[in-house]
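Reminder, nothing fancy here: chain letters follow the sequence lines and each chain counts from 1. These values consider heavy atoms only, across backbone and side chains, with no hydrogens, waters or symmetry-generated copies.
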2 protein chains.
Amino acid sequence: MKGTYTYVYPRPSVTTDCVIFGFDAQGLSILLIERGIEPFKGCWAFPGGFMQMDEDAETCACRELEEETGLKDVHVEQFCTFSEVNRDPRGRTVTIAHFALVKKSEVKGADDAAQAKWFPIDSIPPLAFDHDRILRVALHALREKIHFQPIGFELLPKVFTMPQLQDLYESILEVQFDRRNFANKMLMQGILTEVNDGTVRKGTRNPIKYSFNSEKYSQMKAKGFRLEF
Amino acid sequence: MKGTYTYVYPRPSVTTDCVIFGFDAQGLSILLIERGIEPFKGCWAFPGGFMQMDEDAETCACRELEEETGLKDVHVEQFCTFSEVNRDPRGRTVTIAHFALVKKSEVKGADDAAQAKWFPIDSIPPLAFDHDRILRVALHALREKIHFQPIGFELLPKVFTMPQLQDLYESILEVQFDRRNFANKMLMQGILTEVNDGTVRKGTRNPIKYSFNSEKYSQMKAKGFRLEF
DNA sequence: AATTATATGTGTAAAATCAACGCAAAACAT
DNA sequence: ATGTTTTGCGTTGATTTTACACATATAATT
C-alpha cells in the first residue's frame, strides 16, 4: 500500500550507508556500487538504504550490505551520522554511516555481485551524494580507532604473517615502521598466537604465521589493559 | 496544520539529545531536565527534541540546548546515534546524541531555567528512556576524546590554574596524576599561555594562571602534531 | 650452476620519555 | 608564633622508544 504513512510533523528519511574496507597485497581498498539511475547515475556509491521500522541501524547496515554485495558476517560499526539539509537532492535524508571491515581473501560475493567493484584507496572514482566526505570521515575514524582497538585483524586472513600485519598498519596509518620494532611491539602486546601449520620452518624467508588471540585480548581488556599503536 | 505529512514508507522520528558536562571545584557534573509528563514523568532527561527539516543535527542540538537551558555558544559535538527499535515507548525514534561542554563558571542560564539542575556525575538520579545508556556512552566518548583533543579547556574558565586543569583531567579520567609530572607534561605540549593578570606573584601558594592557546594548537596540529594524554 | 639480491628473524646500545620523589616559600589554620 | 597546606621547581633511576647490523634460506639473475 502506497502513501499511507501520515505524521503530524514532517520527518526526514533515515538511511544507513556502509564504507567497506578491504586489504590485500595491493593495499587498502573500498568496495563501491555503481549507480544505475539518477541522481548521480554512473557515479559510484556506498551500499546502503532505508532503515526499516523493525530494525536498528546496525541491522540495517548489515542487511543492505548483504543484499547489495553478498557480504555476510563482517565487522560493522557506526562511526558518524550525516544530516546536512541538502545532502540528498531527492529529499531530506539522514544517514547513519557505518564502516565494514572484510577479510577480502576469505570472502565470497562482493566482487561477483553485479556492479560492485573494489577500488584502491588512492584511485577512488567520482562518488555520489556526499560520499566523498563520508569516505574521508570513515578513513579518519578507522585510523583513530586502530590505534587502540585490534580491528585491523578483521581485514586480514585468520592466519597471517608479521609483514602482512605491518603492511596493513602502514597502509591505514600511512606511516612506515621499522620492521624489528614493529614486530617487538606487536608481540609484546601478547595478543598474537603463533600458528604451527605443520610445515617445518627452515630458513627465515618463509615467515612465521600468527593468528589474533581474541580470548587473550578480552581477558586483558577486562583487566584494564589498553592496546596502543 | 495537523497530519499533513504523508510518505510512501513509514519513517522514524529523528531527535537529538544533548549530554551536558560541566566542571567546577566539586568535580564533573551533568545538567538534566525533569520530565513533567508521561512517559517517565518525574524522571530526569537530557535536553533534546525533534529535528526540524531546515536544520542539521548539530544545529538542532544547539537550538534545543538553548531553548531548554538557556545555554549558548558552547562546544557541541555528535558522538553516537541510538536507533534501538523500542528505545521510546511513544514510537520509533532515532536520536543523534551529542555532548556539550560548558564553562560552568562563566555561564548564565542553565540552572536558572525552570526544571534544569546540575547533578554530580556520581549522583545521577533515575533517567528517562535509554538515557542511562546514552550517558555511559557519552562518558566513554569524552574520556577517549580528551586523550587526544584539547577539549577539556571547554569546561574551564578562560583563565585557569594548573591544579584546576589537573583536577579536570583526574575527574574525567578517574585517575591520579603526580602534580609535578602533570604540569611538566602539560607545559611541554606548548599549548598553554601564561596569563599575566597584573598581580605580582609572591610566594607559590597563589598559582600561576594559564589560558589555552588555540592558535598555537592549530598551527601544531596542522604540522602533524598529535596531543597526548 | 653459480651468483646475486631479497625477505625474514633476532639482539643491542643510545636516546628519549616517564615515574617517583625532596625541597623551599608563602599562604592559611590554629 | 607555630605548624600545616599549597604550589612551584628540579633531579634521578626506571622504562620505553628508536636506530641500527648480521645471519640465513629463498627467489631472482646471470
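Note: CE (Met188(B)) to C1' (dC18(C)) measures 10 Å, nearest angstrom. Taking atom CE on Met162(B) and atom P on dG8(D), their separation rounds to 7 Å, with Å as the unit. Atom CZ in Arg180(B) sits roughly 11 Å away from atom C1' in dT11(D) (whole-Å rounding). One interatomic measurement links the two molecules: CD1 of Ile208(B) to P of dC9(D), which rounds to 5 Å at whole-angstrom precision. Distance, Glu228(A) CD to dT17(C) P: 15 Å, rounded to whole Å. To the nearest angstrom, C1' of dG8(D) lies 20 Å from NZ of Lys185(B). Following rounding to the nearest Å, Asp167(A) (CG) and dA7(C) (P) show an atom-to-atom distance of 11 Å. The distance from atom CZ of Phe229(B) to atom P of dT17(C) is 14 Å, rounded to the nearest whole Å.
Contact of Asn181(B) with dA20(C) (side chain to base): a donor-acceptor pair of N or O atoms is detected under 3.5 Å.
With ring centers used as reference points, Phe99(B) lies 6.0 Å or more from Phe46(B).
Across the interface with DNA chain D, nearest-nucleotide mapping of Thr161(B) and Asp178(B) shows Thr161(B) to be the residue nearer the 5′ end. Both Arg179(A) and Arg205(A) sit near DNA chain C, but only Arg205(A) has its closest nucleotide nearer the 5' end.
The aromatic rings of Phe129(B) and Phe40(B) sit tilted, their planes meeting at an angle between 30° and 60°.
Side chain of Glu154(B) to backbone of Ile151(B): no donor-acceptor contact under 3.5 angstrom is found. The main-chain N or O of Thr81(B) is found under 3.5 Å from a side-chain atom of Gln78(A) such that the two form a donor-acceptor pair.
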